[in-house]
Structures are given as structure tokens and as C-alpha cells.
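Take a look at the structure set out below.
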Amino acid sequence: ILTNMGGEHSESFSSIEEKAAEKIELFAGAKKIVYSSEYVVVGKLMKENYPQARLVDAVGFADKVPVSDDKQWRENARLALAFFYTLYIPHQTIVKRLKEMDKVVMKLDIREGLADSIVISDKGNTDVNSLSIALDQARAVAGGKPIVLVLSDICFSSIADSELYPRVAAIVASSGVATLIAVGNR
């Protein structure tokens, strides 16, 4: 199963095409491959590189996935559903299992804060793309309340600071953060 091709861990790649090409190398010799052509480059590369494999596109299962407002859960559910069908598991069993499927566990720590606030800590991630994910989660749980972001230096990025921090600034500026508290020398 080729899981999502989102922005996570993309820093080391010059493009989504480069990332996809490297990921699909993992499927050499596979007889069945479940993937999502939601990422057009993945669908193209799979068909070009693995014509002998049974390719199962999870996009075809979108209408069979229970309704959820969690985009990542829906994507994972489509992939799981497609995989279960390749194993010829009965539909009733699959539907039951999807209802039991947990949401993706992130390294985000969400807690009740002071003065009716919610604190989301993403201290375990050092990927700049994780910032977008954390801010999306903050907006989802904030319920219209102002978002305060405490951001420390990103110390382990492969991107030069001169490129990294303008990117961080753009993410923060477009995210609806009301207050930014920056910690560190960068």
C-alpha cells in the first residue's frame, strides 16, 4: 500500500515527482499494489513501472467510505477498503471494521489550557510541513477562538534558513494565527 503523498517529510525532495518516484521503488516485485491516483503522478508512475502488478486505485472506493470530516481518515479508509477488497474480505466485514478504524495518531498533544483555551503541542515534529498540519488541527479545534502560536526554531531542517523561514512566515500568515510568539535565535 502506497500511503499518502502529502507534504510530510518532503523537505529532502525537490518535487512531488521526485518523492513519488523514490517511494514507488519500494514496490519492485510486488504482485498487488494499492495506491491513490488522487496524486496524479503516482497513478502515472505506477502504470508505467508496474504493468505486471495488479494495481488497485483507492480513489474508486471513495463512495464506499463512511462520511467523516477528517480528510486524513477518509484517505486512509479508502486505502484500507481497497486493500481489504484485494483480499476478498466480505463487504459487511469491511464496513464493520471501517467504523472501528481509529483516526491517524499524530504527534500532536492536545490539552485544555487556561482561560478556556486549547493547547496543541507539536514538539515532536521538525518538518516544516508539519506546521501546516498542526495549524489545520488548531483551526479545527479552536471553534473560531483566536489562535496563539508559540514557535521555536526549526533546528533539523535540510532547508537553508534563508528559504525555510520565509516559508514558515507564509504558512503562519495564511493560517489565521492571531498572535505569534517566536522563541529562539532564528
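Just so it is clear, the structure is predicted and the values come from calculations on it, not from any experiment.
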How long is the gap from OH on Tyr88 to CD1 on Ile94, to the nearest 0.5 Å? 12.0 Å
Interatomic spacing from OH in Tyr39 to NZ in Lys19 - rounded to 0.5 Å: 8.5 Å
Connected-component partners of Val59 among ILVMFWY, side-chain separation under 4.5 Å: none
Flag side-chain contact, heavy atom, 4.5 Å: Val177 against Val148: no
Side-chain donor/acceptor of Lys32 to backbone N/O of Thr86, under 3.5 Å: yes
Side chain proximity check, Val172 to Leu149, heavy atoms < 4.5 angstrom: yes
Do Arg139 and Ile147 touch side chain to side chain, with heavy atoms closer than 4.5 Å? yes
If you compare all heavy atoms of Pro146 against all heavy atoms of Ala178, which two are closest, and at what distance to 0.1 Å? CB-CB, 3.8 Å
Met46 vs Asp57, test: side chain to side chain contact (heavy atoms under 4.5 Å, CB included). Steps then yes/no. CA-CA 10 Å; Met46 285 295 184; Asp57 187 353; over 6 Å; no
Measure from the side-chain N and O atoms of Ser37 to the backbone N and O of Val40, and report whether any donor-acceptor pair falls under 3.5 Å. no
Does Ile181 share a hydrophobic cluster with Leu131, counting links as ILVMFWY side-chain heavy atoms below 4.5 Å and allowing steps through other members? no
4.5 Å side-chain heavy-atom contact, Tyr85 and Val34: no
Below 4.5 Å, heavy atoms only, C-beta onward: do Glu38 and Arg78 meet side chain to side chain? yes
Backbone N/O of Leu45 and side chain of Tyr50: donor-acceptor pair under 3.5 Å: no
Has Ser174 got a side-chain atom pairing as donor or acceptor with Ala170's backbone, closer than 3.5 angstrom? yes
Under 3.5 Å donor-acceptor, Asn49 side chain and Ile24 backbone: no
Answer yes or no: is there a side-chain heavy-atom contact under 4.5 Å between Leu164 and Asp161? yes
Is the closest side-chain heavy-atom distance between Tyr35 and Ile1 below 4.5 Å? no
Side chains of Phe61 and Val56, heavy atoms from C-beta outward: is any pair under 4.5 Å? yes
How long is the straight-line distance from CD1 of Ile33 back to CG of Leu26, given to the nearest 0.5 Å? 10.5 Å
Are there over 12 heavy-atom neighbours, none belonging to Glu17, within less than 6.0 Å of that residue's CD? yes
Once you round to the nearest 0.5 Å, how far does OG1 of Thr3 lie from NZ of Lys23? 4.0 Å
At what distance, to the nearest 0.5 angstrom, does CD of Glu48 lie from NZ of Lys44? 4.0 Å
Using the side chain to side chain contact (heavy atoms under 4.5 Å, CB included) rule, take Asp153 and Val183 through it: C-alpha gap first, then chi angles, then the decisive distance, then the call. CA-CA 7 Å; Asp153 288 343; Val183 180; over 6 Å; no
If you count heavy atoms of other groups shown closer than 6.0 angstrom to NZ of Lys47, is the number above 12? no
